[in-house]
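Here's the structure we're looking at; comments come further down.
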Amino acid sequence: MNDETAHILVVDDDARLRDLLRQFLSGNGFRVTTAKDAADALGKIEAIAFDLLVLDVMMPGESGIELTKRLRASSEVPILLLTAMGEPPERIAGLASGADDYIVKPFEPDELLLRVRAVLRRAPRVPAEAVEAVRFGEFRFDFDREELRRGDALIHLTSAESSLLKVLAQHAGAAVKRVDLLRLSRISGGERTVDVQVTRLRRKIEDDPRLPRFIQTARGAGYLLRTD
């Protein structure tokens with residue numbers, strides 16, 4: 001598998017470290033979504049099929065080890081734990097919870113990268129086709145049918161709008177460049193046409209299209225779909 005196409009969820013209550021990890025992993029080609037705690041992470045895991053979770057052990061509320069145990073009851077998603085506690089009992093507890101690897105803070109970014117790639121190599125990749133739908137707010141988008149529903153109500157989308165939303169949903173939480181949206185969707189025209197289609201899609205989804213909650217503009221990077 002090409003691990004640099006993998007989608008990683010970073011869960012850490014330290015906003016500064018969370019952002020640094022996002023920037024570092026994104027800079028190395030991964031798609032990255034972040035969460036501030038276990039509850040935030042669970043909401044995103046319900047909406048997106050991640051290829052790897054990077055979890056901080058010491059978080060307010062449910063700890064990384066407790067979250068790992070909960071996830072292992074129903075999921076085999078690879079998990080890499082981050083912790084400031086490096087004594088053998090702590091490492092054993094982390095691995096015993098079901099984590100695939102364990103790295104102690106502070107760590108060198110290159111070591112984290114090597115461990116991430118090693119875990120991904122050992123784990124079978126879930127095909128994108130296995131994910132049936134993505135949820136955001138009151139909406140559910142079905143990949144196969146390219147249908148958007150708000151509750152039970154079907155939202156009419158044009159072919160261009162549905163293909164655009166599908167690409168954004170497949171990369172939920174990560175920015176997609178206009179040129180890539182143009183290449184991967186059924187939108188005809190130039191990059192300006194992408195902006196037009198995004199505007200039309202926002203009118204059908206957002207309560208206030210001028211202040212979008214879900215389809216957001218990533219300055220200099222394109223657009224992204226927020227599932228939280």
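Sequence positions, counted from 1, serve as the residue numbers for this chain. Computed from heavy atoms alone, side chains included, the values below leave out hydrogens, waters and symmetry copies.
- Under the 4.5 Å side-chain criterion, counting only non-hydrogen atoms from C-beta, Leu67 is in contact with Leu42.
- Remark: Arg72 engages Asp100 in a salt bridge, criterion side-chain N to carboxylate O under 4.0 Å.
- Shown here for Ala99 and Thr68, the closest heavy-atom pair between the two residues is N-CG2, 3.7 Å.
- Using a cut-off of 4.0 Å between Lys/Arg side-chain N and Asp/Glu carboxylate O, Arg16 and Asp14 are scored as not salt-bridged.
- Under a hydrophobic-cluster definition in which Ile, Leu, Val, Met, Phe, Trp and Tyr are linked whenever side-chain heavy atoms come within less than 4.5 Å, directly or via other members, Phe107 and Val10 are assigned to the same cluster.
- Ion pairing of Glu111 with Arg115 is present here, as a side-chain N (NZ or NE/NH1/NH2) and a carboxylate O approach within less than 4.0 Å.
- Here the CG atom belonging to Leu224 is positioned 8.5 Å from the OG1 atom belonging to Thr217, to the nearest 0.5 angstrom.
- For the atom pair CG of Asp37 and CD of Glu62, the computed distance is 9.5 Å after rounding to the nearest 0.5 Å.
- Using modelled atom types, no side-chain atom of Lys105 and backbone atom of Leu82 make a donor-acceptor pair closer than 3.5 Å.
- Between Leu157 and Glu146 the shortest side-chain heavy-atom distance does not fall below 4.5 Å.
- Side-chain contact between Phe30 and Leu113 is present, with at least one heavy-atom pair separated by less than 4.5 Å.
- Taking CG of Leu20 as the start and CG of Asp12 as the end, the distance is 10.5 Å to the nearest 0.5 Å.
- Side chain of Arg202 to backbone of Ile215: a donor-acceptor contact under 3.5 angstrom is found.
- For the 3.5 Å distance criterion, the side chains of Ser159 and Arg186 qualify, holding a donor opposite an acceptor.
- Taking CD1 of Ile205 as the reference point, atom CZ of Arg213 lies at 12.0 Å (rounded to 0.5 Å).
- Two residues are said to be in side-chain contact when any heavy atoms from C-beta on lie closer than 4.5 Å; Asn28 and Arg117 meet this criterion.
- Among Leu148, Thr227, Leu165, the single residue meeting the side-chain contact (heavy atoms from CB on, under 4.5 Å) criterion with Phe139 is Leu148.
- Remark: Arg178 engages Asp195 in a salt bridge, criterion side-chain N to carboxylate O under 4.0 Å.
- Put simply, the side chain of Ser26 never gets that close to the backbone of Gln23: no donor and acceptor are under 3.5 Å apart.
- For the atom pair CZ (Arg31) and CZ (Phe50), the distance works out to 9.5 Å, reported to the nearest 0.5 Å.
- Formation of a donor-acceptor pair under 3.5 Å by the Ser162 side chain with backbone atoms of Thr158 is found in this model.
- Residues Arg150 and Asp207 are paired through a salt bridge, judged by an N-O separation under 4.0 Å between the basic side chain and the carboxylate.
- A heavy-atom distance below 4.5 Å is found between the side chains of Leu53 and Leu71.
- Partner of Val194 under the side-chain contact (heavy atoms from CB on, under 4.5 Å) criterion, out of Leu181, Val176, Asp180: Leu181 alone.
- Partner of Glu161 under the salt bridge (charged side-chain N to carboxylate O under 4.0 Å, His left out) criterion, chosen from Lys166, Lys204, Arg203: Lys204.
- Lys36 places a side-chain heavy atom less than 4.5 Å from the side chain of Arg18.
- Summarising the geometry, atom OG belonging to Ser188 is positioned 9.0 Å from atom CD belonging to Gln197; distances are rounded to the nearest 0.5 Å.
- For the pair Tyr102 and Leu80, the tightest heavy-atom approach, listed with the atom from each and the gap, is N-CD1, 3.7 Å.
- For Ala172 against Thr33, the heavy-atom pair with the smallest separation is O-OG1, 3.5 Å.
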